Each structure stands twice: as structure tokens, then as C-alpha cells.
Amino acid sequence: MRRLLTLSLVLAFLAGCAHKDLGTNAGRSATNSEGDLKDIGSFRLSDPEGPKVVDQELESIPTEVNPLVEKWIAYFQGRGRPHMERYLARSTRYEKLMKKVLRDNGLPEDLFYIALIESGFSSRATSHASAVGYWQFIRGTGKRYGLDINAFVDERRDPVFATQAAAEYFKGLYSVFGSWYLAMASYNVGENRVKREVMNHYTRDFWELARKKRLPAETINYVPKFIAAKMIGKDPAKYGFDDIDYLPPIEFDHITVNQPVNLRMMAEKLNLNYEDFKALNPKFKGEVAILKGSDLVLRVPPSTAIDAKVAATESYVTSVQFIADSGDTQTYRIRHGDTLSTVARRYRTTVAYLRDLNDLPRRKALKVGMRIQVPDRTPVKDRSATRSMVAKKSNTAPRSGETVTVSSDGRYYIVQSGDSLFTIARKYSTSVSELQRMNNIKRGRTLKVGMKIKVPTPGSSAIAKATVDVAKSSKPKAKVHVVRRGENLSVIAAKYNVAVSEIKQKNNIRNPASLMVGTRIVIPNEVNQ
């Protein structure tokens, strides 16, 4: 009982969670000053490894295999295979770097696989709860653990700073629970929830709490998912992942300057690809890198420090303003009636992404005329505007039985009393199956009076001429694919039997990892390229 009381008292001083905002809890920062949060000034593969963790309890995380773990292994080998292949490919870029940070903090290197299941090693990963980056910190917890988050910078996207913050958090969780499985559960759902279940059921056995369903389903699956990811990550070939195109490990030196810098200009002066240079400095949201205090520390490719210093000097900016990465975002002006939800829907993104991109706290209201950054893509037509257009057209709506030409490939017929697909097909010299195909009408569906259905266009009209012109063109109509969950460019390219490079060129895709669910991409073909 005394141990549980101690657990309760210690938890009162442990702050927040990476995924749940614990609100009124008075949390302490893991870093009391700006200098406490360590950075790695330079990193190379040739650097000697630091000492391994000496404490046997900390040396490795238990690997308990049970039906839940086997279920996740089967998932990653089956339906989740595209995800795991992508995560494994990225893992080699950050593995040595992140494991060094964990090792320097006296933690087991196995925690590296938490980042795999949290973000798939994507700095751009954003959850529905506005958790961001490799370790998926929400804003409050990120700041509590010393991470800078503002309109220009988000250190949750930085592999060094974010891993250091996660290490601080895990040290606190393990010191409280004495169990890595409970520490992970707390990282997922919040330590107060886990503490309550531990005290109510007098156990520190995660699996017992899972069997009793005392934790949310997501948390019950979190630990088995981690174990499965760790087992596959340590021996991919054993689990059928033997053809992965691994990314090269990240390496860098650093320079320090005393003025803000335009990163795109600097990359051009160093003859570097901007995206590659930005990947070394992912904490900066746009092209402009700002000072932290009186200095600006930039990561540069190994052995380029002297040239980089010159390039940075030639890329100074005198006026600090946000410049979005080209091709990533555009500016949108808030109109009357706009909310983050309507804007997110219009630009096929999420509210969480807009909040993160524009550094918008949850309680900050949008104001008419306010300018925010949104994804650089053609907006979906506003439904209210569409309804307004329909209402305007209704004043000149055709009488029943009239046809309305609306496009170069067809017109609409207004269904009248007594009409059927058969009678309409005979009237327009076509077949019932053709009408069903043109209007996506299923068999057995009843036509309603006033319903508009598309019918073939007669051969003698200006529209027919336009159709002929189109037919004469050597370019067939391009296919459009809507990205589904779990798909990447390789999967889509294989589906349509085209090269990944052709899809990237056709759609001007610079960073395939940023492909979002719902994005419409044009599929090239032999003629239309």
C-alpha cells in the first residue's frame, strides 16, 4: 500500500503525455533551462559508439510473444505490409542517430521502435489529436519537455531534439512504474489513467490489465504492436522483408551564424538539393531559419562547414517573415463563415495539420481577413457556393421533358411521369445498359419524376463537333487516382503499370513521403505523359 501511495505522489509531479493533454495537472519540465536540452553538434557514421546501458533492468525491453503480438506480426506481413516496408526503408536513416540519443540518456535502444509505430519515422506525421513529428508530441507536452514550437520552428519534427524529449519523458515514466510495458502504455494513453488502473487493481502487470480490459483498446494493442515492430525491425528477412530499399543514414556537421538565413538560397549556393538540405534541418517550417537567442545553429553535410559558412553569410535575410516551402503551401484569406473544419475540407487536409502549420492554439478564433497557410492544391468547390449556383439556375430550369446540354460528352434528360430507362433509351437511340453505365444506375433502381439523367448527345451540334475534335486528339483522357490509406507511389505505380518517376514528374511530386490520403493524382500513360 505504501508503494502505491508513493506511486501516486510521484505521478503528481510527472507532467503530461505525448498524446493526451492532462489539463489541470501541474507538470514539471524535464528541462529547467534552455541549455539543459542536449543537441548533437555533429554526427557521422564513423563516430565511436558510447557505452551501452549497464543496468540490467534497462539494458533491453522484454520481448513477450503471445497471440496479441502474433496478430500484429501477421498484420505487418499482410494488410499492413506497405506500411512496414515504408517504415523499414526510413528506419536506417535515423537508427544510429536516435539510438545514440537514447544510449546517452541511459535508456535501452529498443525504444527506437516506439518512433516506428508512432510516426513511421516521418517528421511530417500529424495525428487527429494534433500530435506531431517522430515521437508524436502534442504542443503542451512538447513545450513542457523543452521543445520550441512557434510560427517558424517546430522541434517536434527534429530527430535529435524530439528523441531527447522522448528520452526525458520515458526516464520519468520508467522511474515511476518500474515496468517498460506500463511506461509505454502511459506514453500512449497518459500516466494518470495507467496509475489509476494500477492502484485500483493492485498490479503492475500490463498483460493482466489488458486481459481485464482495464485500458483502452488502442493502448492494449500498443505494447504488442511495439513488440511486433521490434521483432521485425531487428530481423526483417526472417519475417519476409528481404527486399527493402533502405535510405542511407543521416550524417551532418554544424555551423553557427548570428543572423536569420534563407535556407533555399543557402542550398543553391552550396549546389545542394533544397529538400535534402531541409531534411537536415526539419525543425524549420519554411524557407527562413530564425535565431534562437543570439545564434542560429544549422546542420550541414559533412566536410562542408567552411563553404556553408560563406553560403549562409550570403543568404542572410534582413526582414524575418514566413516563406512557405515552394509547392507545399499557399496563403488563404479567411472569409465570413469559415472555420478550420471547412477550410480543411476544402483543401483536403485535416484541422490538426492546419493548426500545426499555422501555430494556431485550440482556443484561437479565426477572424475574417486573417491569412493562413493551406496545402498548395486546387480547392474543392465550396458546397454552399455550389448550392447557391444551383439555386440561381433553378429560375431558368428547363420544363419537364426538355434536355439541357451541359458538357462536351452528353446532356441531361428530366424524367417525366411514366418514363422508364427502356422508354428513354428508345427515345435517344441507345440501350438501357448504356444509360445505366453513363449514370451509374444499379439494376432495379426506380426512376423518380424530375430526376436528371445523362443521355447520349446527337451527332449534329456544336457539342458533337467538340467531341470529334477531342477524338482527333492524340491524347486520351488521363486517369485520376485518389490515394487510399496504406498506399504509396510504388503501390500506385504497380497498379497502373507505370514508373514511379513518371507519376512524380506528371504530378510535380517532390517528396513522396508527404503523399496524403485523399490526394488526387494523375496517372500518366503511353500517350499522355
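For clarity, every value in this text was computed on a predicted model and none was experimentally measured.
- No side-chain donor-acceptor contact under 3.5 Å links Trp135 and Ser119.
- Under the rule for a ring pair (Phe, Tyr, Trp, His ring centres under 6.0 Å), the partners of Tyr94 that lie at least two apart in sequence or sit in another chain are Tyr134.
- When the ring pair (Phe, Tyr, Trp, His ring centres under 6.0 Å) test is applied to Phe241, no partner is found at least two apart in sequence or on another chain.
- Checked against salt bridge (charged side-chain N to carboxylate O under 4.0 Å, His left out), Arg93 has no partners two or more places apart in sequence or in another chain.
- Residues satisfying the side-chain contact (heavy atoms from CB on, under 4.5 Å) criterion with Ser303, sequence neighbours excluded, are Arg44.
- With sequence neighbours excluded, no residue satisfies side-chain hydrogen bond (donor to acceptor under 3.5 Å, both in side chains) with Lys504.
- Relative orientation of the Tyr145 and Tyr169 rings is tilted, given thresholds of 30° and 60° on the angle between their planes.
- Residues meeting the side-chain contact (heavy atoms from CB on, under 4.5 Å) test with Lys212, sequence neighbours left out: His201, Glu208, Arg214.
- Ser341 pairs by the side-chain hydrogen bond (donor to acceptor under 3.5 Å, both in side chains) definition with nothing, not counting sequence neighbours.
- A parallel orientation is assigned to the rings of Trp180 and Tyr174, their planes being inclined by less than 30° (bins at 30° and 60°).
- For Thr219, the side-chain hydrogen bond (donor to acceptor under 3.5 Å, both in side chains) test picks out Asn188, with sequence neighbours left out.
- For Phe206, there are no ring pair (Phe, Tyr, Trp, His ring centres under 6.0 Å) partners at least two apart in sequence or on another chain.
- Remark: Ala289 engages Leu263, Phe284, Leu296, Leu298 in a side-chain contact (heavy atoms from CB on, under 4.5 Å) (not counting sequence neighbours).
- Not counting sequence neighbours, the partners of Asn66 by the side-chain contact (heavy atoms from CB on, under 4.5 Å) test are Glu64, Leu68, Val69, Trp207.
- Taking the side chain as every heavy atom from C-beta outward, Ser122 and Arg90 approach each other to under 4.5 Å.
- Legend: residues meeting ring pair (Phe, Tyr, Trp, His ring centres under 6.0 Å) with Tyr75, ordered by chain and number and at least two apart, are Trp72.
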